[in-house]
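To find a chain, count down the sequence lines: A is the first, B the second, and so on, and within it residues start at 1.
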Number of protein chains: 2
Amino acid sequence: MIHKKENVTDLPLVLDEKDMGILKLLQVDAKMTIRNIASQLNLTTTPVYERIRKMEQAGVIKQYAAIVDPQKIDKGLTVLCYISLKEHSKKCGAKFIREIVAFTEVTECLNISGEFDFLIKVQVKDMNAYREFYVNKLGEVDNLSHTQSIFVISVIKATHQMVY
Amino acid sequence: MIHKKENVTDLPLVLDEKDMGILKLLQVDAKMTIRNIASQLNLTTTPVYERIRKMEQAGVIKQYAAIVDPQKIDKGLTVLCYISLKEHSKKCGAKFIREIVAFTEVTECLNISGEFDFLIKVQVKDMNAYREFYVNKLGEVDNLSHTQSIFVISVIKATHQMVY
DNA sequence: CCTGAAACTTAAATCCG
DNA sequence: CGGATTTAAGTTTCAGG
């Protein structure tokens, strides 16, 4: 996690080509050194250093993270679960969100358009683990109207890369 | 990206509590030093260093990445797009996948159970950009039967954290 | 806003017990 | 695996254009 200075501005930082070049590289390899980045962008370390610092403080770079392979840590099953609520009041929605977000199995929760209210992505070991989650965790959440589970047969692509 | 040694084994590495502890920390902050990790886990640098190296080579840690905030780089709109194919032969499926994966707007592509064949996640600036993608890119892909777009109203949770 | 070099700081990697 | 050492490296700063 980025440790911002006290006076975080989060001002709408305008990014130019050089910033994008830096992001492009750091997105793929966060451990790339400033020197290396500088040489690839035909710059020196100073501007690269300062641009990275700015992007960290502006929240453009949210985090430096190790990406773990789910398959290798017994979390090889991904399930998408659609959820509709009974009550849509602000209060009830907030309560639902608080409960859902707390589940470590839920790696994603999206408020969506269409027939359902939410889509959550659940990451578990296998079908047994999903049943366990579905019955004992999701099943204990208030205010659920109906749900639908979609199973992921295979992950074709999954990236956080957004700068090209 | 992790630079593995030549003889990559990718053997089913058995992870113990200490490995999980390391992953847990690196998932949140890839820049955490080995010393820091060691002290938090009541270990010395040697075992931590070696465990990390093993997990990198085994592919448990796939990558160290800077996580960028989509909102801050003009990619604030997320759309889920369901896709059904006409032809489901291996050859046609592979062609579809090749084309879809090449689109930089597609940050995720899942082969799913249920009514549709695939779910792709599209990350763009705004609705105009999505229309542009939908018409000129997705629309040019062969073998599509029908599609359905679901718009993400808000992202409640989005994490790659899987070790707790 | 950049260059270039220098100074500083810190971590990675090794070795022996 | 602990502990310390060594070596190497990256980060950060500064003057100057």
For a side-chain contact (heavy atoms from CB on, under 4.5 Å) check, start with the C-alpha distance between B:V141 and B:F96, then their side-chain angles and the critical distance, and finish with the verdict. CA-CA 7 Å; B:V141 173; B:F96 166 79; 3.8 Å; yes

Rounded to the nearest angstrom, tell me the gap between atom [atom1] in [X] and atom [atom2] in [N].
X	N	atom1	atom2	result
B:M32	C:dA11	CE	P	12 Å
A:I34	C:dG4	CD1	C1'	16 Å
A:I52	C:dC1	CD1	P	16 Å
B:I37	C:dT10	CD1	C1'	15 Å
B:L26	C:dA11	CG	P	14 Å
A:K31	D:dA9	NZ	C1'	14 Å
B:E50	C:dC16	CD	P	15 Å
A:N36	D:dG10	CG	C1'	11 Å

Could one point to a donor on the side chain of A:T46 or the base of C:dG4 with an acceptor on the other under 3.5 Å away? yes

If you look at every strand shown and take non-hydrogen atoms under 4.0 Å, does A:T44 touch a base, only sugar-phosphate, or nothing?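 Since a base atom lies under 4.0 Å of A:T44, the category is base.
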
So which nucleotide from D:dT11, D:dG2, C:dC2 ends up closest to the side chain of B:P47? D:dG2

Side-chain N or O of [X] less than 4.0 angstrom from OP1 or OP2 on [N]?
X	N	answer
B:Y49	C:dA13	yes
A:K18	C:dC2	yes
A:R51	C:dC2	yes

Output yes when a side-chain donor or acceptor of A:N143 lies under 3.5 Å from a complementary backbone atom of A:E87, and no otherwise. yes

If you measure only the distance, is there a donor-acceptor pair under 3.5 Å linking the side chains of B:E56 and B:Y64?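 Indeed, the side chains of B:E56 and B:Y64 share at least one donor-acceptor pair under 3.5 Å.
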
Do A:Q40 and A:N36 get their side chains close enough for a donor-acceptor pair, meaning under 3.5 Å?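 Indeed, the side chains of A:Q40 and A:N36 share at least one donor-acceptor pair under 3.5 Å.
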
Where each residue is assigned the nucleotide of DNA chain C containing its nearest heavy atom, which of A:L43 and A:R35 is assigned the position nearer the 5′ end? A:L43

What do the steps show when you test B:T159 against B:K157 for side-chain contact (heavy atoms from CB on, under 4.5 Å), and what is the final call? CA-CA 7 Å; B:T159 182; B:K157 179 178 183 176; 3.8 Å; yes

